[in-house]
Structures are given as structure tokens and as C-alpha cells.
Amino acid sequence: MREKRADKVEKTGIDSRALFATYMITLPRLLILTMAGAVLGSGLSLIVALLQMQERCYVSETEYYIKFAAGALEAKHHYNDFTWNDVLVSDSILGRAMEQLGDQYDRSQVQNMITADILSDVRYLTITVRGLEFAQVEEIKNAIGTALESFGETKDEFDQIYKIDDLEIVQEDVPFFTWRAAFLGGLLAGLLGIFLTAFRFCMGSVIYTKRDITRYTGVPAYGMTFVARYKKNKFQTIQNRQRKMLCENLQMLVEAHSKIMLIDASDGEEAMVFLEEIQNLGIADSAHFQVYNTKKSRVMQQNAVFLAVIPFGKTYRERIIDEIENVQLQGGKTVGGILTKADALWTGIYYGLK
């Protein structure tokens, strides 16, 4: 029996309309999740900024003008960001700078403190020095500058390299809030919510429609009830129509069977709520409907049939199938199912009400 049910599910595929309706009603939660992700992202960014504040670097930026030799067109194409960062740490520049700095500096440490950038024009080179101590940054800046200017004089492809702008050494600015962190946090949280919604839907463990009941349990759906949250006319129309269908189908069931036992996978909680609802609506009475107590005797009442009560939007498929099969194992017969606590908005979207 399980193999047949699995084959049917595979052939039916995903109900794209139901997935769309699920996304529509979960949209507010997805938006809240996205905002929460943005807040979390900006919060993490703030924590990182506070940690960085404890070790704020001093930054020196010096701009140099590179005067290429006449006819050195190939050199202009050769010297870029990558090239200058390699040349900067060579013996021709960093090596000479280390001679000036002396033994109190470690070459690998100085190498990690300097970077070269060509921001636009290849003739303009920016050397940046970062360090924890002001005096250290200043000494390295001056030593690198002297070595770089000397490098321009010794190489044939240059006429000259000279300083054109020397900014003041300042502490590195640490931003406490960045839109990028907030955007990335919100984006990741939103995508996670979208993925989890789709994953939960595609698992097929959540029942959304009467068709799902037939599809997964193999028994017909006798009707559905709603959570009274929407009172607009278009939702009242579908609620009234579904109530009429439920009333007619339950009446037909009562005419065929003297006793209908309501079963669920919640220890009778969902079944009791449904029984109280149909009694209040005047659809049925306790003379024909009764909540099945799994803790009592396994002996089935004569002429009694079972009706599965399945709540909308809950992970319920595996549990209710287990209860139905257990009833069948004990000699009972499950004739159908009821979808309860349905969302009128979801149903309206699914049926395309205007």
C-alpha cells in the first residue's frame, strides 16, 4: 500500500499554485526575517568595528608621479597594481629601504605594512603604509619613498619618480555601520527563508488542500473548515461554499454509517476541536460523531467508520498515515479525511478568487 502511495506522489509532482499561495501568506514572515538578518548583519559589523577600534592602525598615503622614458610604451602597460606590489617588496626598493631602517625592523613585517595602488592613470602611484605606531609608519614611509625615487633614477624605463602628494598620517577610520553588512545579512536571511519555505513544502509533510489528503493518504476528503481571520466577501463566499460541501458530505456519511469515529495524530486534540466546531455550526451532533480514544480497547464498534482530522499547514502527513494504518491493522475502516483550520487567504489565492 505504501508503494502505491509513493508512486502516486511521484507522478503528481509539485503543485506550483499551492507553492505560490504558500509564499504569499509567508511573505510577511519572510520580510521580518529579512529585516532581522539586516539587523544581525549590521550588529556583527558593529562588533567587528569595536574589535578593530582596540587596534586602530595609523595610515600614511603618499602619491608619486611616474615619468616614463620617451618611447617606453611597453613599460606603461607592464607596470600596474600587481606589478608594483611585486616590485615594491623587491631588493631594489624594500631591500634598500631596509638598509635605511636598520636592524630594529623585520623585513617580512615591513612587507606586510606596505601596498601599492594604481587608481586610474598608470603614471600615478599611491603607496600606503599601515602600522600600529605613528613613528614606525612615518619612518617606513620615508624609507620607502627614498628607495622608490632612487629606483626611478636607476631604471631605463623611467625618467623620474617623484612625490606629488603626501597626506598626513592619521588613524584608520573604522565605520560603525555599513549598508553592505546590513544588505548582505538581510539578503542571506531572506534567501534562507525562501529556501526553507520551499524545502518544507517540497517535503510533502504539510497538508494544504483537500487534494493533498487524497494524494497522500489515499482516502477522499469530505470537506474543510477555516480559521476565522478574514471577513471580506470574497473569503466569505469560499467559506460558505466549503461549509455547504462539508455539511452535505457529512450528512451523506451519517446516512451510510451510524457511528463515525474521529481520529487525528494529536491525541484527540484536533479531533475534539473539529467536533466542537461542527456541533456549534449545527452540521452534526455527538450522537453520530465521537472522538476515538486510542488509550481504550482496540475492539472496534460495529458499523463504525473512521474519519481522519488533519490540520492545515502543519507537518502531519507521516503521523496521520501511521494512525490510519494502525486503525486498518486493528480492523477499522477509514473512509475519508477532513482538512481543518484552513487559511482563507491561502485558499483564496489557491483558487484564484477575484
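Throughout, residue positions are numbered sequentially from 1 according to the sequence presented. Values in this document were obtained by computation on a predicted structure and should not be read as measured data.
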Mutual orientation of the aromatic rings belonging to F68 and Y79 [parallel < 30°, tilted 30-60°, perpendicular > 60°]: tilted

SG on C247 to OH on Y222, rounded to 0.5 Å: 14.0 Å

T83 side-chain N/O to H78 backbone N/O, donor-acceptor pair under 3.5 Å: yes

CA sep, side-chain torsions, deciding dist, call: H257, M252, side-chain contact (heavy atoms from CB on, under 4.5 Å): CA-CA 9 Å; H257 306 279; M252 178 182 63; over 6 Å; no

Hydrophobic cluster of I164, others only, ordered by chain and residue number, side-chain cut-off 4.5 Å: Y65, Y124, Y162

Partners passing side-chain hydrogen bond (donor to acceptor under 3.5 Å, both in side chains) against S150 (at least two apart in sequence or in another chain): R96

same_hphob_cluster(V273, I278) at 4.5 Å side-chain heavy-atom cutoff: no

Where M224 and L246 come nearest, the two heavy atoms and their spacing: O-CD2, 4.0 Å

Step-by-step side-chain contact (heavy atoms from CB on, under 4.5 Å) determination, I207 to I213: CA-CA 7 Å; I207 305 297; I213 294 178; 3.9 Å; yes

Distance (rounded to the nearest 0.5 Å) between L94 CG and E99 CD: 10.5 Å

Side-chain heavy-atom pair F226, T347 within 4.5 angstrom cut-off: yes

Partners passing side chain to side chain contact (heavy atoms under 4.5 Å, CB included) against A97 (at least two apart in sequence or in another chain): A143, I144, A147

R317 charged N/C atom sitting above Y216 aromatic ring, 6.0 Å / 45°: yes

Atom of K341, atom of F312 and distance for their closest heavy-atom approach: O-CB, 3.5 Å

Spacing of CD belonging to Q111 relative to CG belonging to N85, to within rounding of 0.5 Å: 10.0 Å

side-chain hydrogen bond (donor to acceptor under 3.5 Å, both in side chains) partners of K244, counting only residues at least two apart: E248

Non-hydrogen atoms of M98 and Y105 that approach each other most closely: CE-O, 3.5 Å

Heavy-atom side-chain proximity of Y58 to V170 below 4.5 angstrom: no

Contacts of F201 that satisfy ring pair (Phe, Tyr, Trp, His ring centres under 6.0 Å) - sequence neighbours left out: Y208

Atom of I114, atom of V89 and distance for their closest heavy-atom approach: CD1-CG1, 4.4 Å

Donor-acceptor under 3.5 Å (N326 side chain, D322 main chain): no

Pairwise side-chain contact, V129 with V59, heavy-atom cut-off 4.5 Å (strictly under): no

Minimum heavy-atom distance between D264 and E323, given as atom pair plus value: O-CG, 3.4 Å

Sequence-distant partners of R107, side-chain hydrogen bond (donor to acceptor under 3.5 Å, both in side chains), two or more places apart: D91

Residues, nucleotides or ligands: over 12 heavy atoms within 6.0 Å of Q104 CD: yes

Point-to-point distance, once rounded to the nearest 0.5 Å, from CG of L148 to CD1 of I161: 4.5 Å

Over all atoms of both residues, closest heavy-atom pair of A189 and G37: CB-CA, 3.6 Å

Sub-4.5 Å side-chain heavy-atom contact between L275 and L262: yes

Note, Q242 side chain near M245 side chain (heavy atom, < 4.5 Å): yes

Side-chain cluster (under 4.5 Å, hydrophobic types only) that L188 belongs to, other residues: L184

Test item: side-chain donor near acceptor, S266 and Y316, under 3.5 Å: yes

Which residues share a side chain to side chain contact (heavy atoms under 4.5 Å, CB included) with V39, sequence neighbours left out: none

Any side-chain heavy-atom pair of D117 and T115 under 4.5 Å: yes

Sidechain-backbone polar pair: D212 side chain, T209 backbone, donor-acceptor under 3.5 Å: yes

Test side-chain hydrogen bond (donor to acceptor under 3.5 Å, both in side chains) applied to R180 - qualifying residues, sequence neighbours left out: none

Residue pair E318 / S205, side-chain donor-acceptor N/O under 3.5 Å: yes

T128 and R130: CA distance, side-chain angles, deciding distance, side-chain contact (heavy atoms from CB on, under 4.5 Å) verdict: CA-CA 7 Å; T128 304; R130 288 183 175 85; 3.6 Å; yes

Hydrophobic cluster identity match, M203 and I310, side-chain contacts under 4.5 Å: no

Single-linkage hydrophobic cluster, 4.5 Å side-chain cutoff, I349 and Y351 together: yes

Straight-line distance of M113 CE to S60 OG, nearest 0.5 Å: 10.0 Å

Heavy-atom side-chain contact between V87 and I93 under 4.5 Å: yes

F306 CZ to M261 CE distance, which is reported to the nearest 0.5 Å: 5.5 Å

L253 vs V335 side-chain heavy atoms within contact, under 4.5 Å: yes

Using residues 20-35 as the side-chain source, report each donor-acceptor pair under 3.5 Å to any protein atom, sequence neighbours left out, with the distance given to one decimal.
| unit_1 | atom_1 | unit_2 | atom_2 | d |
| --- | --- | --- | --- | --- |
| T22 | OG1 | A18 | O | 2.8 |
| T22 | OG1 | W346 | NE1 | 3.1 |
| Y23 | OH | I194 | O | 2.8 |
| T26 | OG1 | T22 | O | 2.8 |
| T26 | OG1 | Y23 | O | 3.2 |
| T34 | OG1 | L30 | O | 2.8 |

Trace of the side-chain contact (heavy atoms from CB on, under 4.5 Å) decision for L88 with I127: CA-CA 9 Å; L88 195 62; I127 304 297; 4.0 Å; yes

Pairs satisfying salt bridge (Lys or Arg N to Asp or Glu O under 4.0 Å), at least one member in residues 134-159, at least two apart: K141-D166

For D121, salt bridge (charged side-chain N to carboxylate O under 4.0 Å, His left out) partners two or more places apart: R123

